[in-house]
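Notes follow the structure.
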Protein chains: 2
Amino acid sequence: MATRTDAPTRREQILKEAARLFAERGFHGVGVDEIGAAVGISGPGLYRHFAGKDAMLAELLVGISEQLLRGAKRRLAEADGSSAADVLDSLIEGHIDFALDDRPLITLHDRELDRLRDSDRKLVRQLQRQYVELWVGVVREVYPTLTEPTARSAVHSVFGLLNSTPHLGRPGALPGRGVTAVLLHRMARGAFGAAGE
Amino acid sequence: MATRTDAPTRREQILKEAARLFAERGFHGVGVDEIGAAVGISGPGLYRHFAGKDAMLAELLVGISEQLLRGAKRRLAEADGSSAADVLDSLIEGHIDFALDDRPLITLHDRELDRLRDSDRKLVRQLQRQYVELWVGVVREVYPTLTEPTARSAVHSVFGLLNSTPHLGRPGALPGRGVTAVLLHRMARGAFGAAGE
DNA sequence: CCTTCAGGTTAACGACCGCTAACCTCCCTG
DNA sequence: CAGGGAGGTTAGCGGTCGTTAACCTGAAGG
């Protein structure tokens, strides 16, 4: 995978700032003029890059869901010979990386879904469900006593735990990224373990 | 404590419906006309009961924060002779009850705080912080190896876990309220346990 | 029986917001 | 060196939203 070193395109700048603003004040709470100002152009200039405000949100949410699912599938495929427990650790690690590195997106992901057009919302929900079911399968392999509904509830709850990073204080105030990642990982495993007896 | 049997006042009806709507579509996504319609009166009629839309949100958020803190203090006082572990279980139980019974409020609680007037926001934040610090104290008593910042992170994460109930499917789809409460409780204890080694 | 007032109603105002129209200005390319 | 498209600009339209104003009504109280 070629790591990007080139400058971000204007579209990417806009998406990044829009994500931050949407997460801070909600989709309806942010005006197009503000998004424009955040990237140094003025309101209507955005329409050279996006069909509308809705399109920005849609692209953000679809992108997040795809990225999460793609990463999980890759981890599942890569760790083919490993134990189920190792795969679960890999999934947790991937989700934590995402939660710590893209906090605004994590916030949007479960907050602004209802603002999407029907077709986009369906797509996002489908991707999210696939992601959840992938976790459920691995979790049930590690803890075979769990019924499927219980495992699904447990997975959602652990997502709540991992996605709590936006509430852990401003970016710099954490005990350090690595320390936080380890703590979250241990707590997630502990939570699953307690769910599975 | 006298259990209420009398009919809810109009103010209470309004607050309840406003909470539901705000949680569903966000503060800015709901119009006063909709809130009015939800209680059978029309938009401007609300102004006989509240100074404005902001005032409804403020009353909701302050009310939630006060209720959570009051409940926690009561539990701490009641279980005076008990072990720290029992107190922690009581706190977890109280938070779960709240999360399961007032799902819209839980959603609002950490989502719409920034829409408040400065003074209200300060008040809510102060109440929230007191609630967190109360938990941190108990958690550190149960797990003395935890540093204060780590314990605080752990508490926030467990809140994320417990507050995930809105994502667990529509009200009836859960495996049953009691079962869910027990599962959440075990996972919360498991997460704290893993954090404290 | 008249008054008062709580709790509604509809009409309308002013602000804001998403979006379009019309226009401008580089820079690349044949 | 034309010219054309990419990527901006400002002005302004249409709709929505929170709020206020003015008015109505039914029930309680002296």
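Lettering of chains follows the sequences in order, A, B, ..., and the numbering in each one begins at 1.
Applying the side chain to side chain donor-acceptor pair (under 3.5 Å) definition to pairs two or more places apart or across chains, those involving residues 105-116 of chain B are H167(A)-D110(B), H109(B)-Q128(B), E112(B)-R115(B).
Checked against ring-ring contact (aromatic ring centres under 6.0 Å, His included), F192(B) has no partners two or more places apart in sequence or in another chain. Residues passing the salt bridge (Lys or Arg N to Asp or Glu O under 4.0 Å) test with D54(B), sequence neighbours excluded: none. In this structure E141(A) satisfies the salt bridge (Lys or Arg N to Asp or Glu O under 4.0 Å) test with no other residue, sequence neighbours excluded. When the salt bridge (Lys or Arg N to Asp or Glu O under 4.0 Å) test is applied to D97(A), the partners found at least two apart in sequence or on another chain are R177(A). For the salt bridge (Lys or Arg N to Asp or Glu O under 4.0 Å) test, residues two or more places apart in sequence or in another chain that qualify with R152(B) are E133(B), E148(B).
The shortest distance between the side-chain N/O atoms of R10(A) and the OP1/OP2 oxygens of dG8(D) is below 4.0 Å.
In this structure, CD1 of I14(A) is placed 10 Å from C1' of dG7(D), rounded to the nearest angstrom. Atom CG of L46(A) and atom C1' of dT9(D) are 13 Å apart (whole Å).
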Could I get a table of every N or O pair under 3.5 Å where one atom is in the protein and the other is in nucleotides 18-22 of chain D?
residue	atom	partner	partner atom	Å
dG18(D)	OP1	V30(B)	O	3.2
dG18(D)	OP1	K53(B)	NZ	2.5
dG18(D)	OP2	V32(B)	N	2.9
dT19(D)	OP2	Y47(B)	OH	2.4
dT19(D)	OP2	K53(B)	N	2.9
dT19(D)	O5'	Y47(B)	OH	3.1

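Nucleotides of DNA chain C that come within less than 4.0 Å of any heavy atom of chain B span, from the 5' end to the 3' end, dG7(C) to dA11(C).
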With a 3.5 Å cut-off and sequence neighbours excluded, list the donor-acceptor pairs that the side chains of residues 55-74 of chain A form with protein atoms.
residue	atom	partner	partner atom	Å
E59(A)	OE1	R11(A)	NH2	2.6
E59(A)	OE2	R11(A)	NH2	2.5
S65(A)	OG	L61(A)	O	2.8

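Ring orientation note: the planes of W135(A) and H95(A) are nearly perpendicular, at an angle over 60° on the 30°/60° scale.
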